[in-house]
Amino acid sequence: MLRNQYDTDVMTWSPMGRLFQVEYAMDAVKQGGAAFGLRSRSHVVLASVDRAVSGLSFHQRKIFKIDDRTGVAMAGLAADGRVVLQYLASECINYSFVYESPIPVSRLVARLADKAQACTMLSLKRPYGVGCLVAGTDESGVHLYYNCPSGDYFECQAFAIGSHSQAAKVCLEREFETFNDRPREELIQRALLAITETLRWQGKEFDSSSCTVAILGENEAFHVISRSVIEQLVDSSKAT
C-alpha cells in the first residue's frame, strides 16, 4: 500500500497502526542540527552543533534561556521551535505570577508534552517538528528531560538528538553512569567530546565557533559558556 494514502491527515491511521505525520515530525528532529544534554547531581550541560543553512548565512541558535532556572536545546524545524519556546516562557511567567514560586521542571515538561500530544489528535493541526532537551532546577534538584513531537517525554541522565547524533550517543552511553559524580568542568568536557564525535562523523574538525555550550546548576543560573572558556577546557583535556 502506498504510504501517501495515509499521511494526508494526522488522525488517519495506516493499516499497520502508524501515524505517518507523527513519524515525519520525528524525522524532522533527526535531520536537524545535533543537540546534547548531560546531567550530574549538581549541574546540567546543554550543547549543540551550530550549522548554517549556507556559506553566506549565520547559524541558527539552538540553545535558549527560558529563565534563570530553565534552558532548552532543540533540534528540528526552527519555526516550530520558536512557538514551543514562547509557550514555555509563558508557562513559567504565568505560574510564577499565580503561585509566586518557580514552576517545577516536571510540571513544565508535562504541559509541553500535553500541548504536543494535542496536535496529534486534531485534524486541523500537525505535530511540532522539533525535539527539545529541557534542563532545569527546582527544589528536588537538577533535571534533564527530552520532549519528542509525539507528546512523549522522559527524564534522562544524558541524551543526544539531531543529525549524526548516533556517534555522540555511543560516546555518552559508555560513561553516563559516572556523570553523577563528575564536577562541573568534567561534565562540560564530556559535552565537548560528544560534539567532537559528531563532527568527526560528518568529516569535520572541532572548532569552538561551531558549537554552543550552556550550563545550569543548583547555585548557578542558566548561561551560555564563552568561547574562550571552551577553548581553555579543550586545551586542558588535550593536556591530560
Side-chain angles (χ1 to χ4, degrees), residues 10-11 19 21-39 44-51 53 58-98 102-138 142-156 158-163 165 212-216 221-224:
V10 72
M11 298 179 64
L19 290 172
Q21 284 205 10
V22 175
E23 294 184 11
Y24 293 160
M26 298 179 75
D27 287 340
V29 176
K30 295 178 183 178
Q31 295 174 15
F36 321 97
L38 300 82
R39 176 175 63 87
V44 182
V45 173
L46 295 179
S48 68
V49 175
D50 299 331
R51 66 180 188 184
V53 178
F58 192 69
H59 65 82
Q60 292 180 326
R61 291 177 58 197
K62 295 176 60 61
I63 296 179
F64 299 87
K65 177 180 178 179
I66 304 300
D67 59 22
D68 287 342
R69 301 162 62 95
T70 313
V72 176
M74 66 179 189
L77 301 178
D80 289 3
R82 288 197 298 270
V83 176
V84 170
L85 291 170
Q86 185 177 6
Y87 174 78
L88 291 174
S90 176
E91 287 297 308
C92 289
I93 293 173
N94 291 339
Y95 189 96
S96 178
F97 179 78
V98 173
I103 184 171
V105 184
S106 59
R107 182 169 299 184
L108 180 64
V109 297
R111 290 183 179 181
L112 175 59
D114 290 341
K115 182 177 178 65
Q117 200 274 335
C119 294
T120 68
M121 299 175 60
L122 300 174
S123 60
L124 71 162
K125 293 187 177 182
R126 64 164 176 80
Y128 293 115
V130 63
C132 296
L133 291 171
V134 182
T137 179
D138 53 28
V142 296
H143 304 276
L144 175 65
Y145 287 89
Y146 172 57
N147 285 74
C148 75
S150 66
D152 195 10
Y153 72 97
F154 49 86
E155 189 169 9
C156 43
F159 206 72
I161 57 177
S163 176
S165 62
T212 301
V213 181
I215 190 166
L216 168 70
F222 184 89
H223 66 280
V224 175

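Under the salt bridge (charged side-chain N to carboxylate O under 4.0 Å, His left out) criterion, R111 pairs with E91, sequence neighbours left out. Partners of F154 under the ring-ring contact (aromatic ring centres under 6.0 Å, His included) rule, at least two apart in sequence or in another chain, are Y146, F159.
Taking all atoms of both residues into account, the shortest heavy-atom contact from A116 to Y128 is CA-CD1, 4.2 Å. Nearest heavy-atom pair across V29 and P149 is CG2-CG, 3.7 Å. Across every non-hydrogen atom of A34 and S163, the tightest pair is CB-O, 3.5 Å. Scanning both residues, K65 and D68, for their nearest heavy atoms gives NZ-OD1, 2.8 Å. Pairing each heavy atom of A113 with each of Y153, the nearest pair is CB-CD2, 3.3 Å.
Remark: the backbone N or O of G33 is paired with a side-chain donor or acceptor of K62 at under 3.5 angstrom. With N94 contributing its side chain and S90 its backbone, the two residues share a donor-acceptor pair below 3.5 Å. Remark: the backbone N or O of V109 is paired with a side-chain donor or acceptor of N147 at under 3.5 angstrom.
With rounding to the nearest 0.5 Å, the separation of NE2 in H143 from CG in L216 is 10.5 Å. With values rounded to the nearest 0.5 angstrom, S150 atom OG is found 10.0 Å from L19 atom CG. In this structure, CG on L112 lies 12.0 Å from CD on Q117, to the nearest 0.5 angstrom. Annotation: the span from L46 atom CG to I63 atom CD1 amounts to 5.5 Å, rounded to 0.5 Å. Note that CD1 of I103 is 11.5 Å distant from CD1 of I93, once rounded to the nearest 0.5 Å. Separation of atoms CG (L122) and CE (M11) is listed at 7.0 Å; rounding is to 0.5 Å.
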Please step through side-chain contact (heavy atoms from CB on, under 4.5 Å) for the pair C119 and V10, ending with a clear verdict. CA-CA 8 Å; C119 294; V10 72; over 6 Å; no
Is there a side-chain contact (heavy atoms from CB on, under 4.5 Å) between F222 and V44? Walk through the geometry before answering. CA-CA 9 Å; F222 184 89; V44 182; over 6 Å; no
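Looking at V105 and T137, their side chains never come closer than 4.5 Å, going by heavy atoms from C-beta outward. The side-chain heavy atoms of L88 and T70, taken from C-beta on, include no pair separated by under 4.5 Å. Side-chain atoms of P102 and D67, non-hydrogen and from C-beta on, never get closer than 4.5 Å to each other. Between R69 and D138, the closest side-chain pair of non-hydrogen atoms falls below 4.5 Å. Here the side chains of V142 and R39 are in contact, with some heavy-atom distance below 4.5 Å.
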Going by atom type alone, with no hydrogens or angles, which donor-acceptor pairs under 3.5 Å involve a side-chain atom of residues 72-82 and a protein atom two or more places apart or on another chain?
unit_1 : atom_1 : unit_2 : atom_2 : d
D80    : OD1    : R126   : NH2    : 3.1
D80    : OD2    : R126   : NH1    : 2.9
D80    : OD2    : R126   : NH2    : 3.4
D80    : OD2    : G129   : N      : 2.8

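Heavy atoms of other residues, nucleotides or ligands lying less than 6.0 angstrom from NZ of K30 number 12 at most.
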